[in-house]
Participant: 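Can you keep this structure in mind? I'll have questions shortly.
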Amino acid sequence: MFDNRTAIDKAGLGRLQQRFDAVRGIGRNHFGLKIGGRMIGYCYIRKNACSSFKTMFLDRSPQRAQKRPDQHPIDFIRQHHRLAPGALAACDHLIFAYRDPAERTLSMFRNKFIAQTGATDISASYTRITGQPPEAATFRSFTEDYLGRRFSRLDRHVLPQRMHLQRVCYTDAIPVQNLHAGMCRVIGPELADQYFLQPVNRTSDVPLQPVSDAADRPVQELREIYAREGCMPDNASLLPAGVAARLRKLYAMDYDIIGTVSNAACSA
């Protein structure tokens, strides 16, 4: 369990907190799906196994026959499965998946900047904020020149995970690396095997190899390595000490989540 309520919520002023959060764009995407007679509520967080969750919603939705061929999966899910804040407490399970913020940022960078998968929005955002094309970015400059701005100005793929959460108690906070086991407890082994046994993201199976000075190489060079050798830089190559420290500072609120969930698990 993870309690994301604030002192304002606990003082009985939840509507006031909701107004504050609405201005900041916090906690907007929560979806519900009935499985085995139980309502499963899900907080949609980009780069946290969201492709697996979207596949489950599309396959199991009672309205799946209404999906248009040109309709993006997330738009269909928003149309038919969005949960209002007041409906979250009634869910039998209310879940979110979380991951180490540095690993999440690296996954996003490889997927959107190197592989250029679904990268139109974040590429435009990067150019608008920095005045530079994405192919000229290095991972170090990305963390400094782009992530260093107010999160409210940035693409939602890079927002802290905590900014996706509503001010409620989540029954299941599941680390991405243990997602299959966690979802076995929520929806049972058969469905968990079907949707969460293997990652479905395009770059999840790309080999990661040491690449010298990778954090300071322009994206264009990393794209050329990927095209030529079929691999991308590993975490250590992209995370020299200074870059790692910067990400830890930028995403301190997410590391707080990890610490809270880990401490609760240890004391259980």
Side-chain angles (χ1 to χ4, degrees), residues 4 18 21-22 25-99 104 107-108 111-112 115-125 155-159 161 163-174 176 179-180 182-205:
N4 197 46
Q18 286 178 16
D21 291 345
I26 289 176
R28 292 188 297 185
N29 287 320
H30 283 68
F31 308 120
L33 182 66
K34 206 160 237 189
I35 294 179
R38 296 176 303 142
M39 178 56 71
I40 310 299
Y42 161 62
C43 175
Y44 173 66
I45 302 178
R46 293 163 177 83
K47 301 311 302 174
N48 288 17
C50 59
S51 296
S52 297
F53 282 101
K54 284 187 286 189
T55 300
M56 181 179 74
F57 271 81
L58 292 177
D59 284 356
R60 313 296 296 184
S61 173
Q63 293 84 22
R64 59 187 174 275
Q66 300 176 33
K67 184 181 180 301
R68 303 187 311 272
D70 63 341
Q71 190 174 26
H72 291 297
I74 191 60
D75 293 334
F76 171 84
I77 295 168
R78 286 192 180 107
Q79 179 181 356
H80 295 288
H81 293 278
R82 186 186 292 277
L83 291 176
L88 300 180
C91 292
D92 296 287
H93 287 272
L94 184 59
I95 65 179
F96 71 92
Y98 67 90
R99 68 191 299 184
R104 178 172 177 254
S107 174
M108 181 285 305
N111 188 246
K112 303 298 181 186
Q116 304 177 76
T117 304
T120 301
D121 289 345
I122 194 168
S123 295
S125 173
D155 185 87
R156 294 188 67 83
H157 283 88
V158 304
L159 295 187
Q161 295 160 84
M163 291 184 69
H164 293 76
L165 304 182
Q166 279 280 357
R167 305 298 184 177
V168 294
C169 289
Y170 290 84
T171 60
D172 302 88
I174 308 174
V176 165
L179 185 59
H180 176 256
M183 292 306 294
C184 280
R185 296 190 293 271
V186 174
I187 60 176
E190 183 175 349
L191 288 181
D193 285 355
Q194 183 175 347
Y195 296 111
F196 300 100
L197 193 58
Q198 298 293 335
V200 298
N201 189 286
R202 175 184 166 186
T203 54
S204 59
D205 293 328

Participant: Counting only N and O atoms by type, is there a donor-acceptor contact under 3.5 Å from the side chain of Arg60 to the main-chain atoms of Thr55?
Facilitator: no
Participant: Ring centroid separation for Phe196 and Phe53, is it under 6.0 angstrom?
Facilitator: yes
Participant: Say whether, by atom type as modelled, one donor and one acceptor occur between the side chain of Arg68 and the main chain of Phe76 under 3.5 angstrom.
Facilitator: no
Participant: Just verifying a value: how many Å separate Lys54 NZ and Tyr195 OH, rounded to the nearest 0.5 Å?
Facilitator: 15.0 Å
Participant: Of all heavy-atom pairs between Leu179 and Ala49, which one has the smallest distance, and what is that distance?
Facilitator: CD2-CB, 3.3 Å
Participant: Check whether any side-chain heavy atom of Asn29 sits under 4.5 Å from a side-chain heavy atom of His164, and report yes or no.
Facilitator: no
Participant: Are the side chain of Lys67 and the backbone N or O of Gln71 linked by a donor-acceptor pair below 3.5 Å?
Facilitator: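 Judged by distance alone, yes, a pair lies under 3.5 Å.
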Participant: Is the backbone N or O of Arg28 less than 3.5 Å from a side-chain atom of Arg82, with the two atoms forming a donor-acceptor pair by type?
Facilitator: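 Indeed, once roles are kept as given, a pair shorter than 3.5 Å links the two residues.
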Participant: Tell me yes or no: between the side chains of Arg38 and His93, is some donor less than 3.5 Å from an acceptor?
Facilitator: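 Arg38 vs His93: donor-acceptor pair found between side chains.
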Participant: Return the orientation label for the Tyr42 and Phe57 ring planes: parallel under 30°, perpendicular over 60°, tilted otherwise.
Facilitator: tilted
Participant: Could you give the distance from SG (Cys169) to CG (Leu88), rounded to the nearest 0.5 Å?
Facilitator: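 Interatomic distance, Cys169 SG to Leu88 CG, rounded to 0.5 Å: 11.0 Å.
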Participant: For Met39 and Leu33, work out which heavy atoms get closest and say how close.
Facilitator: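 Where Met39 meets Leu33 most closely, the heavy atoms are SD-N, 3.4 Å.
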Participant: Could you tell me whether the side chain of Ile40 reaches within less than 4.5 Å of the side chain of Lys34, counting heavy atoms only?
Facilitator: no
Participant: Between atom CG of Asn111 and atom OG1 of Thr117, what is the distance when rounded to the nearest 0.5 Å?
Facilitator: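 One gets 4.5 Å once the value is rounded to the nearest 0.5 Å.
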Participant: Quick one: which of Gln66, His80, His81 gives a side chain to side chain donor-acceptor pair (under 3.5 Å) with Ser61?
Facilitator: His81
Participant: What's the verdict on side chain to side chain contact (heavy atoms under 4.5 Å, CB included) for Arg46 and Leu159, showing C-alpha distance, side-chain angles and the deciding distance?
Facilitator: CA-CA 9 Å; Arg46 293 163 177 83; Leu159 295 187; over 6 Å; no
Participant: Within the structure provided, determine whether Asp59 and Arg64 are in side-chain contact (heavy-atom separation under 4.5 Å).
Facilitator: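 Side chain of Asp59 against side chain of Arg64, heavy atoms only: no contact under 4.5 Å found.
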Participant: Compute whether any side-chain donor of one residue and acceptor of the other, for Asp121 and His157, lie under 3.5 angstrom apart.
Facilitator: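 No - no donor-acceptor pair under 3.5 Å links their side chains.
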Participant: Under a 4.5 Å cut-off applied to non-hydrogen side-chain atoms, are Val158 and Ile122 in contact?
Facilitator: yes
Participant: For the CZ atom of Arg78 and the NE2 atom of His72, what is their distance to the nearest 0.5 Å?
Facilitator: 10.5 Å
Participant: Where do Gly118 and Lys112 come nearest, in terms of heavy atoms and distance?
Facilitator: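 Here Gly118 and Lys112 meet closest at O-NZ, 3.3 Å.
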Participant: With rounding to the nearest 0.5 angstrom, report the CD1 to CE distance, Ile45 to Met163.
Facilitator: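 Reported to 0.5 Å precision, the distance equals 12.0 Å.
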Participant: How long is the gap from CG on Leu94 to SG on Cys43, to the nearest 0.5 Å?
Facilitator: 8.0 Å
Participant: What are the two closest non-hydrogen atoms of Val176 and Ala97, and how far apart are they?
Facilitator: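 Result for this residue pair: CG2-CB, 4.1 Å.
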Participant: Go through the side-chain N and O atoms of Gln63 and Gln79 and say whether any donor and acceptor fall under 3.5 Å apart.
Facilitator: no
Participant: Is a side-chain N or O of Gln161 found less than 3.5 angstrom from the main chain of Arg99, in a donor-acceptor match?
Facilitator: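 Present.
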Participant: What is the minimum heavy-atom distance between Gln198 and Ser52, and which atoms define it?
Facilitator: O-OG, 4.3 Å
Participant: Only one of Asp172, Asn4, Leu165 passes side chain to side chain contact (heavy atoms under 4.5 Å, CB included) with Phe96; say which it is.
Facilitator: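 Passing option: Leu165.
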Participant: Closest heavy-atom contact between Lys47 and Cys50?
Facilitator: N-SG, 3.7 Å
